[in-house]
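All chains are named by letter (A, B, ...) in the order of the sequence lines, taking the proteins before the strands, and each is independently numbered beginning at 1.
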Amino acid sequence: MNTRTRFAPSPTGHVHIGNMRAAIFNWLYARHTGGKFLLRVEDTDIERSTPEAIKTLLEALDWLGLDIDEEPLYQTTRMEAHLAAAEQLLVAGHAYREDKGGLGQGECIIFKMPGIDMEFHDEIKGTLRKPAADMADFVIVRSNGTPVFHIANVLDDIEQGVTHVIRGDDHVENTFRHIALYQALGAPVPKFAHLPMIINAQGKPYSKRDGDAFIGDFQSKGFLGDTLFNYLALLGWSPGDDREIMTREEMIEAFDLSAVRSSPAQMDLRKLLWMNGEYIRAMKPEDFAALARKELSAAGIDPGLDAEAVFALMQPRTKLTADIVPAVTFFFTEDYEYDEKAVQKKLLKDGAFQTLEKIIEIFQGLENFATETIDKALHEFVEQSGLGFGVVMPPIRIAVSGQPSGPDLAPTLAILGKDTVLARIRRTIEQFG
RNA sequence: GACCCCUUCGUUCAGCGGUUAGGACUCCAGGUUUUCAUCCUGGCAACACGGGUUCGAGUCCCGUAGGGGUCGCCA
C-alpha cells in the first residue's frame, strides 16, 4: 500500500501555525514512506474562500517547501458527489430524513450511528474507545441542501485515496463518526493520527487574538521558511536523539508518527529566534547576499554592485532577515539616523570631539585605508593617548553609523572608505560639537 | 455537566523498571572580541500529588488535582 497523506485546510486568508504543523507532519510522513502528499482545499465557505485566500495558502506551502504531488482537489467541485453519497446512505438505510427545526427549512439528512461501541487505533494516541451511548446521530446534509463537513471530508478522503489522516487533536471525537461513515459507504478505513495542539505563551490554545499564530507574520518578521519548518517539526516530535538543527533529508529519514508526543506544546519564540540565526549563519554567502539585496530593494535602497563585503560582515550577526536593512542602511546612504541615547551617552562627553579631531588627523595620514592599517592605527592611538578603547571607539562608530553597536569597526570603516569616513566624522562634529 | 485526552528543568525534546534524570533554548558567571552579535567554559533549574505493584518506579496500575479537547443544520 502506498501512503497518501493530505493537508485539508479551509482557506481563510490566514494560515494558522497549528494547521501548518499538521501540513508539515503530513508531508514528512508521506516523504518518509515514499508516498504522496496531497492538498485538498476545503473552500465551501464561499465568503472567506476568496482567490486571494487560496493564493495565501499556496504561498505558505511554498514558503515552507511543502511540495504537493497531485493537483489540489477543490471541495466546491465535489458537492454533487457528496449529495449523491448521502442519497446512497439514505437508500441503504444508514441515514434518514428529519426536520430538527434548526434552520426552519424542513428536513435534513441525518446519518445513523451504528449503535455499537467503537474503537480505533490512533497512530499517536494509541487505542481510543467510545461506547455507543455516547455517540449521537448527526446531520450530513442541511435542510438547505448543502453537505456538512463530515460527509464532505470523508468522501473527499476516499476520492483522493488518503491512507493516513494526520490532523489536529480537535478531530478526535469526529473520528468515530468518520469511521462509521467509511464503513457505511463500504470504503476502507484509513489510519488516523491526531496531533496535539500548539498553545501560546499563556498556555492557552491560540486564539484569533494571538497575532503571531499566523505564518505570514513569521515571514514578515524575518524568519526563514526552513527555520519554521525545522522548529515546528520539533514541536511534538524528535528524532529520538539530541539532534535539533536537521536537514530535510535527515528529518524525512527519521520521521515517525509513533514518536510524536501526545501532549500539547508551547512555542518558544526565543528558541525560534536562535534557530533562525543558526540557519542564517549556515547560509552560503551568495545566498545571504541575494536575500540581503532583496530586503534592501524592498526598502528602496540600492546597495550597488559592490556590497558583498557588507553582507559578509552582516551575515554572522543577523538573526532575522528583517534586521538586515536597519543594520546596513548607513553603508549605502548618508541619510542615516543618529541613535539619541548613544549620542547622549558616548558623543556628548568630555573629550569625545577632541578625540574625533585626532582621529581625523590620523586617518588623513593613512596611505592605505584598509582594515589592517586602520586597526593598527587605532590601536596605536589608544595606547599613546591612554584613553582606552571604550572611549575612543564609540564616538567613531556613532559618527559613521549613528549606531552604538554594529559590525567590527575597522572593516566597517574600510568598506565605507577614507573620504566617506572623514566626511561623516566632520559632519558629526559640526552637528553636535 | 457528560465523554475523551494530557501532566519530566521557565520552554522544548530525551529517558520506555536499576541513570549523579540527559540535550537544546532562555537565564546567570567567567573567557575571547575595541562595541554588539558570534564563539568557548562553567552554573542554576524538573519527574503535579497520593496510594499501590515490585528487591527496586520518572518509567506499570488506581485515584486526586490541574490543563486541554468534544458535545452545531461550523469546519
Please confirm whether the shortest side-chain N or O distance from [X] to OP1 or OP2 of [N] is below 4.0 Å.
X: A:Lys100; N: B:C73; answer: yes
X: A:Lys346; N: B:U35; answer: no
X: A:Arg261; N: B:C13; answer: yes
X: A:Arg281; N: B:C39; answer: yes

Minimum-distance nucleotide (side-chain atoms of [X] versus [options]):
X: A:Glu173; options: B:A75, B:C3, B:U26; value: B:C3
X: A:Phe389; options: B:U34, B:U35, B:A37; value: B:U34
X: A:Asp170; options: B:A37, B:U70, B:C3; value: B:U70
X: A:Met197; options: B:C73, B:C25, B:G69; value: B:G69
X: A:Arg397; options: B:U35, B:C13, B:C3; value: B:U35
X: A:Asp134; options: B:U34, B:C3, B:A37; value: B:C3
X: A:Leu128; options: B:C5, B:A75, B:U34; value: B:C5
X: A:His150; options: B:U34, B:A75, B:G10; value: B:A75

Checklist line | Salt bridge flag under 4.0 Å for residues A:Arg31 and A:Glu253 | finding: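 Salt bridge flag = no for A:Glu253 with A:Arg31.
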
Pair partner, [N] [Watson-Crick or wobble, under 3.5 Å]:
N: B:U70; result: B:A2
N: B:U54; result: none
N: B:U64; result: B:A48
N: B:C25; result: B:G10
N: B:U59; result: none

Item checked: Validation row, ring centre A:Phe25 to ring centre A:His164 under 6.0 Å ->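 Between A:Phe25 and A:His164, the centre distance exceeds or equals 6.0 Å.
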
Item checked: A:His178 ring center within less than 6.0 Å of A:Phe111 ring center ->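 No, the ring of A:Phe111 stays outside the 6.0 Å limit from the ring of A:His178, centre to centre.
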
Work out how far the [atom1] atom of [N] is from that of [M], and round it to whole angstrom.
N: B:C60; M: B:A14; atom1: P; answer: 15 Å
N: B:U53; M: B:C62; atom1: C1'; answer: 11 Å
N: B:C25; M: B:A21; atom1: P; answer: 22 Å

Notebook entry, point to check: Can any side-chain N or O of A:Arg177 pair as donor or acceptor with the backbone N or O of A:Phe138 at less than 3.5 Å?
Noted result: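 Checked: no pair found.
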
Check: What is the distance, rounded to the nearest whole Å, between atom CZ of A:Phe288 and atom C1' of B:A37?
Finding: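 So the two atoms are 12 Å apart, to the nearest Å.
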
Item checked: Integer-rounded Å distance: B:C4 P and A:Arg177 CZ ->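 Between P of B:C4 and CZ of A:Arg177: 16 Å.
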
Margin query: Please check if the number of heavy atoms outside A:Glu119 that lie under 6.0 Å from its CD is greater than 12.
Written below: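 More than 12 within 6.0 Å, yes.
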
Note to self: Under a plain distance cut-off of 3.5 Å, with no hydrogens placed, do A:Asp156 and A:His82 share a side-chain donor-acceptor pair?
What the structure shows: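 Their side chains do contain a donor-acceptor pair, which is all the 3.5 Å distance test asks for.
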
Margin query: So if I take residues 234-251 of chain A and measure heavy-atom distances to RNA chain B, which residues fall below 4.0 Å?
Written below: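 Only A:Leu234, A:Leu235, A:Gly236, A:Ser238, A:Gly240, A:Asp242, A:Glu244 qualify.
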
Check: Can A:Arg248 be said to sit on top of A:Trp27's aromatic six-ring, NZ or CZ under 6.0 Å from centre and within 45° of the ring axis?
Finding: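 Yes, a cation-pi geometry.
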
Note to self: Could you measure the distance from the OG1 atom of A:Thr428 to the OH atom of A:Tyr338? Nearest 0.5 Å is fine.
What the structure shows: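 Here the interatomic distance stands at 3.0 Å.
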
Next item on the list: Classify the nucleic acid contact of A:Val172 as base, sugar-phosphate or nothing, counting any heavy atom under 4.0 Å across all strands shown.
Entry: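 Touches nothing.
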
Next item on the list: Determine the contact category for A:Ala410: base if any of its heavy atoms lies under 4.0 Å from a base atom, sugar-phosphate if only primed atoms, P, OP1 or OP2 are that close, otherwise nothing.
Entry: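 Since a base atom lies under 4.0 Å of A:Ala410, the category is base.
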
Note to self: Taking atom types as they are modelled, would you say the side chain of A:Ser262 forms a donor-acceptor pair with the base of B:C6 within the 3.5 Å cutoff?
What the structure shows: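 No.
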
